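Here is the structure we will look at.
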Amino acid sequence: MAARAGRCCRAGLSCGALLSPALLSPAVLSRAPATPRWGRAAFSSAPAVSGREGPQAREGSVRRRGRTLQFVRSAAPPRTERMAVDQDWSSVYPTAAAFKPASVPLPIRMGYPVKGGVPPPKEGNLELIKIPNFLHLTPPAIKKHCAALKDFCTEWPSALDSDEKCEQHFPIEIETVDYVSSGTSIRNPKARVVTLRVKLSSLNLDDHAKKKLIKLVGERYCQETDVLTITTDRCPLRRQNYDYSMHLLTVLYHESWKTEKWESEKSEEDMEEYVWENSHSQKNALDTLLRIKASENVSNVTKEELLASEVVKNYRNSVIALKNEGETESNISQYKESVKKLLNIQA
Amino acid sequence: TQTAKSHTGRAAEHSDNSHLALQAKHTEQHEGRLYNIPLEELSAVFPHGLPHRFQQQVLTFNEARVMVRKPALELLAYLKGSNFSHPAVRYVIYGERGTGKTMTLCHVVHYCSRQGWLVLHIPDAHLWVKNCKELLQSSYNKDRLDQPLQASVWLKNFKASNERFLQEIKTQKKYMWGKRECTEEGRPLREVVEQGLARVRSASDAVGVLLRELKQQSHRGSFRLLVAVDGVNALWGRSTLRKEDKSPVCPEELTLVHNLRKMLMNDWSGGAIVTTLSQTGSLFKPSSAYTPQELLGKEGFDALDPFVPIPVPNYSPKEFESCYGYYLERRWLQHEKGQGWGGKRGMRVLGLELVSSKWAKKLDKLNTDFCTHRDAQSFAVPSVSLQGPRTFPPCASGLISSVCPCTPRVST
């Protein structure tokens with residue numbers, strides 16, 4: 001068994017460090033400090049020498065493994081114990097790095113808790129190491145980045161101090177993405193994509209033009225935010241894609257103002273919202289009212305008079321609400337009341 | 001105990017309902033109470049049209065009791081106050097599944113027949129657009145299709161319920177059935193119906209003639225016409241029928257549906273049109289649909305517009321207690337150990353969910369008491385969720401030995 005352990009030891013100190021707890025004699029164990037073996041100086045970034053200079057001077061324990069002597073170094077206290085509260089964090093994590101439990105002075109627990117227990121601690125926690133962290137992008141670090149970049153920036157115009165003013169003067173937003181990678185080439189085909197966003201309220205469109213434009217662009221228009229988004233990537237260069245997207249916007253604008261001959265054939269199914277005029281509902285209501293008037297021998301009632309009457313207007317509004325907004329309890333009860341008034345039904 | 005007293009009180013209410021037999025006097029104070037329809041009248045007024053569960057309940061309890069509910073009262077008030085010289089008003093009863101739309105319609109039909117109206121009751125329009133074995137090409141109009149079986153079944157039931165009217169009302173035109181047979185002008189409508197029953201091929205046309213005659217003559221005032229259609233959304237939906245070349249059939253290509261659609265237009269006066277929307281039995285409609293626009297679709301809504309929608313909700317706590325008390329009285333709901341219902345322990349019922357929270361807490365407590373003393377005997381009451389009228393009563397065949405409604409026990 002000792003020979004086998006000896007062979008493992010030759011592979012590396014780490015292996016030996018893991019095996020040693022099983023082989024240590026109780027006497028040696030009691031002498032060594034009770035720190036986890038795997039948090040050893042072998043892994044930590046700080047040099048072994050500085051780790052030793054603590055308040056307690058620890059002797060390295062000596063063990064005999066086979067024929068060779070082995071110094072078992074005791075674990076140094078983690079760096080977090082010596083961190084000041086107001087230290088400069090951006091020097092601990094200057095760049096993106098893996099999570100180092102000994103360098104992050106936070107009592108973090110992560111993982112699935114044992115039954116009746118708590119999630120595992122941060123020491124040796126693979127879950128914390130696997131995930132990306134943003135410890136290198138704390139607000140003070142970003143402030144430093146901004147300060148460094150400030151020399152390359154121009155001043156923001158003082159007249160544009162609110163979002164509304166920006167939108168009013170610059171309604172079109174162009175979005176492009178630059179890609180940086182560590183490699184031999186600075187080119188990236190994804191960098192040619194250009195996204196153009198504009199609010200339709202900032203364009204000069206009348207009712208017909210707006211409806212036509214929305215029909216032309218289809219999926220690219222968002223009803224809730226009134227934003228038209230055009231994404232172009234068909235040209236190889238960014239500038240070409242930008243020119244193409246501006247061209248598309250221009251063409252859409254001018255085409256939506258034109259009215260073609262075939263647009264007069266627009267039918268009820270093409271309508272975006274329910275229009276009560278010239279609908280079945282209007283026809284039915286007028287027919288019914290005319291029949292009621294005829295049964296009461298009241299003649300000379302014209303359609304215009306009927307349409308202008310209060311009950312018909314009420315009915316019209318309730319039908320429009322029912323069709324456009326969908327059916328809710330309040331809509332249906334409003335419709336019911338309006339029909340009762342229209343047909344003069346008394347309970 | 002308090003529960004016992006309330007139950008005997010309710011028993012007195014139910015048995016003593018003779019004064020409610022005159023339905024015309026139903027008002028809001030009668031809301032939640034059950035009124036009795038004599039069984040002979042039931043078979044005369046409802047040869048078809050009652051929901052299946054209600055029919056089972058009638059068989060089980062040997063009596064027909066209908067609960068008076070707000071939607072029905074509202075409808076009756078409208079009908080009482082309507083002006084019969086104006087075009088017929090359309091009422092559409094809608095609501096979620098199992099809330100009592102068909103029962104409301106039946107209540108209205110019963111009222112109208114008691115008042116002497118002519119009731120044109122189509123029990124389920126869905127039956128006319130699906131599962132039709134025979135489809136004949138109509139002789140009257142080549143594009144349309146006849147349904148002889150459905151038409152003859154309906155004519156038979158219509159004849160059973162409206163005998164005297166069929167004798168009184170005369171035809172206004174001469175009708176030719178095929179090359180040889182004809183019905184002269186001025187003959188009672190009964191002959192048209194009998195022609196349809198005798199010659200099944202022309203049954204659909206007979207229905208069409210009947211509807212046309214009734215529509216034209218209703219404004220005269222000699223009779224009032226009630227058109228009651230259950231499942232009216234079938235007329236404007238899709239059908240599962242196919243022609244011989246396997247192409248699908250639109251509902252308007254069916255003679256029966258075409259004629260019924262014409263009947264539902266409000267271009268006639270002297271009556272009313274009461275319809276029900278129904279998702280159960282409907283074709284190609286999701287089970288969550290219950291509002292008028294969802295079930296009727298655009299075409300149906302435009303055809304029925306303007307109509308008065310009448311919502312039917314689930315049982316209110318008062319109605320629930322009334323129904324519950326009725327079942328207790330009829331010994332439908334029983335409890336173990338046979339101590340006589342309404343005894344000192346109160347009622348113990350297993351596995352019921354309730355609408356009213358007061359009852360829920362009370363029965364929860366009783367339920368837990370029961371569970372701790374559970375016996376090996378199987379309990380008579382199935383576990384149902386009591387949220388609406390349809391879950392009452394459970395299927396008669398399910399409860400065989402433990403329920404014995406015909407032997408009333410004197411409560412101690």
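This one's a predicted model, so the numbers in the text were calculated from it and none came from an experiment. Side chains included, hydrogens not; waters and symmetry mates left out as well; all remaining heavy atoms used. Each chain gets a letter, A, B and so on, in the order the sequences are listed, and its residues count up from 1.
Within a 6.0 Å radius of OH in A:Y112, no more than 12 heavy atoms belonging to other residues, nucleotides or ligands are found. Heavy atoms of other residues, nucleotides or ligands lying less than 6.0 angstrom from CD of A:E277 number more than 12. Residue-environment remark: NZ (A:K303) stays at or below the threshold of 12 foreign heavy atoms within 6.0 Å. Atom NZ of A:K340 has more than 12 neighbouring heavy atoms from other residues, nucleotides or ligands inside a 6.0 Å radius. More than 12 heavy-atom neighbours from other residues, nucleotides or ligands sit within 6.0 angstrom of CZ on A:R238. For A:N278, the CG atom sits in a loose shell: 12 or fewer heavy atoms of surrounding residues, nucleotides or ligands are nearer than 6.0 Å.
Interface residues of residues 84-92 of chain B toward chain A, defined by a heavy-atom distance below 4.5 Å and sorted by number: B:S85, B:H86, B:P87, B:V89, B:Y91.
For A:K336 against B:P311, the heavy-atom pair with the smallest separation is NZ-CD, 3.9 Å. Residues A:E327 and B:Q293 come closest through the heavy atom pair OE2-N, 2.6 Å.
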Could you list the donor-acceptor pairs under 3.5 angstrom formed between side-chain atoms of residues 299-308 of chain B and any protein atom two or more places apart in sequence or on another chain?
residue	atom	partner	partner atom	Å
B:D302	OD2	B:K298	NZ	3.1
B:D305	OD1	A:Y315	OH	2.9
B:D305	OD1	A:Y335	OH	2.2
B:D305	OD2	A:S281	OG	2.7
B:D305	OD2	A:Y315	OH	2.6

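Looking at B:E294, the atoms closer than 4.5 Å to chain A (heavy atoms on both sides) sit in the backbone and in the side chain alike. For A:E268, the part lying near chain B is the side chain, with the backbone staying farther off; criterion is any non-hydrogen pair under 4.5 Å. Looking at B:T291, both its backbone and its side chain come within 4.5 Å of chain A, counting heavy atoms on both sides. When heavy atoms are compared at a cutoff of 4.5 Å, A:E337 does not approach chain B at all. When heavy atoms are compared at a cutoff of 4.5 Å, A:I332 approaches chain B by way of both its backbone and its side chain. For A:L322, the parts lying under 4.5 angstrom from a heavy atom of chain B are both the backbone and the side chain. Interface residue A:K323: backbone and side-chain heavy atoms are both found under 4.5 Å from chain B.
Looking only at distances, a side-chain donor or acceptor of A:R291 sits under 3.5 Å from a matching main-chain atom of B:N266.
Applying the side chain to side chain contact (heavy atoms under 4.5 Å, CB included) rule to A:L137 yields the partners A:F134, A:I142, A:H145; only residues at least two apart in sequence or on another chain are considered. Looking at residues two or more places apart in sequence or on another chain, you find a side chain to side chain contact (heavy atoms under 4.5 Å, CB included) between A:T225 and A:C222, A:V227.
Summarising the geometry, atom CD belonging to A:Q346 is positioned 8.5 Å from atom CG belonging to B:N83; distances are rounded to the nearest 0.5 Å.
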